[in-house]
Amino acid sequence: MSGATDLRTGEVAAAIRAHRLVVILRRIEPRERLLALADEIVDAGARILEVTFDAPSAAGDLAALREHLAARALPGESSESARILVGAGTLVRADQLDPAVHAGADFGVAPVLDPAMVARAIDAGLPFVPAGLTPTELASAWAAGATFVKLFPASVVGPAMVREVRGPLREIELIPTGGLDATNAAEFLEAGAVAVGIGGAFLRATPEERRAIIGSIAGDGR
């Protein structure tokens, strides 16, 4: 488990803990729209993005997005705090891992738990976030070496699930995702989540609303 421990204590995991928000970009087409939307999201203050791998162009989109964001200058921020992470999401098959890694993904996220995929990600040095919903699934994901565990779909169980699970399973760091928005994201964090994942609700928001969401989530950690 030394590889898993290294990923849990690494720079990517630290950045996710610091910024506390993963913005999910699902099937944003064409690529020009993806890049423009990413600029808007970064301008609002987000620093952790996730491109879902449920479209044929996903690997190319992730690589293009990384290159595009690397060219951005973020005035007033140090090089480390200004780094924007781009992960690969919706990884449901082991054969998606290599394209994600080759595209430059900073981390991987899955909506399910496949211990073999977690092991392959660890071997590749890729921080990996598999999903679970029940205490048994969450504990199994953590035991498999997950960097974090995605509580999914989080809106089905609510913030109370995080609070209750963290009693006996305090070592498991959860990222609730699925059905989160400005009205409940902060509640999941207050319950003990390490970060939250928000997709459509964040993308549909106005620039002012996005800044408000990030302000309520990240606070001084931004």
Side-chain angles (χ1 to χ4, degrees), residues 1-27 46-67 69-70 83-154 165 169 171-178 193-199:
M1 291 291 288
S2 60
T5 300
D6 290 342
L7 293 176
R8 289 171 181 169
T9 58
E11 292 182 0
V12 170
I16 291 173
R17 292 186 189 100
H19 295 293
R20 307 208 296 172
L21 170 65
V22 180
V23 178
I24 301 164
L25 303 169
R26 183 174 301 281
R27 299 181 71 95
R47 295 294 179 266
I48 315 291
L49 309 181
E50 175 189 324
V51 174
T52 62
F53 267 50
D54 53 356
S57 62
D61 289 342
L62 192 152
L65 182 57
R66 276 186 56 85
E67 181 179 1
L69 294 176
R83 185 184 176 204
I84 303 162
L85 301 183
V86 183
T90 316
L91 298 174
V92 296
R93 304 187 314 274
D95 63 5
Q96 293 175 307
L97 277 176
D98 285 345
V101 171
H102 293 155
D106 290 300
F107 59 92
V109 182
V112 295
L113 168 60
D114 180 346
M117 189 183 299
V118 177
R120 286 189 59 176
I122 293 172
D123 288 343
L126 181 72
F128 200 74
V129 187
L133 186 63
T134 68
T136 298
E137 292 169 351
L138 300 175
S140 295
W142 190 254
T147 307
F148 302 106
V149 182
K150 173 179 176 175
L151 178 65
F152 178 79
V165 165
L169 302 173
E171 71 278 7
I172 301 177
E173 296 187 280
L174 299 174
I175 301 181
T177 307
V194 69
V196 293
I198 304 180

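Values in this document were obtained by computation on a predicted structure and should not be read as measured data.
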Matching residue for Arg47 among Leu21, Leu69, Ile84 - test: side chain to side chain contact (heavy atoms under 4.5 Å, CB included): Ile84
With Ile24 as reference, evaluate Val109, Thr177, Ile48 under the side chain to side chain contact (heavy atoms under 4.5 Å, CB included) test and give the passing residue. Thr177
Mind checking the [atom1]-[atom2] spacing from [X] to [Y]? Nearest 0.5 Å is all I need.
{"X": "Thr9", "Y": "Arg17", "atom1": "OG1", "atom2": "CZ", "result": "8.0 Å"}
{"X": "Glu50", "Y": "Thr90", "atom1": "CD", "atom2": "OG1", "result": "6.0 Å"}
{"X": "Arg8", "Y": "Ile122", "atom1": "CZ", "atom2": "CD1", "result": "7.5 Å"}
{"X": "Phe152", "Y": "Leu113", "atom1": "CZ", "atom2": "CG", "result": "14.0 Å"}
{"X": "Asp61", "Y": "Phe53", "atom1": "CG", "atom2": "CZ", "result": "8.5 Å"}
{"X": "Ile175", "Y": "Thr147", "atom1": "CD1", "atom2": "OG1", "result": "9.0 Å"}

Might you point out which heavy atoms bring [X] and [Y] nearest each other, and give the distance in Å?
{"X": "Val165", "Y": "Pro135", "answer": "CG2-CG, 4.4 Å"}
{"X": "Ala146", "Y": "Pro130", "answer": "CB-CD, 3.4 Å"}
{"X": "Val194", "Y": "Glu173", "answer": "CG2-OE2, 3.8 Å"}
{"X": "Pro176", "Y": "Ala195", "answer": "CD-O, 3.1 Å"}
{"X": "Val23", "Y": "Ala46", "answer": "CG2-CB, 3.9 Å"}
{"X": "Leu7", "Y": "Gly125", "answer": "CD2-O, 3.6 Å"}

Spell out, as yes or no, whether a donor-acceptor pair under 3.5 Å connects the side chain of Asp106 to the backbone of Val86. yes
Sub-3.5 Å donor-acceptor pair from the side chain of Thr134 to the main-chain atoms of Glu137, do we have one? yes
Within-4.5 Å side-chain heavy-atom neighbours: [X] and [Y]:
{"X": "Leu151", "Y": "Leu133", "result": "yes"}
{"X": "Val92", "Y": "Met117", "result": "no"}
{"X": "Val129", "Y": "Val22", "result": "no"}
{"X": "Ile16", "Y": "Phe148", "result": "yes"}
{"X": "Leu97", "Y": "Phe128", "result": "yes"}

Under the side-chain hydrogen bond (donor to acceptor under 3.5 Å, both in side chains) test, residues paired with Asp54 that sit two or more places apart: Arg26, Thr52
Given the rule in the salt bridge (Lys or Arg N to Asp or Glu O under 4.0 Å) test, do Asp114 and Arg93 qualify, once you have shown the distances and angles that lead to the verdict? CA-CA 9 Å; Asp114 180 346; Arg93 304 187 314 274; over 6 Å; no
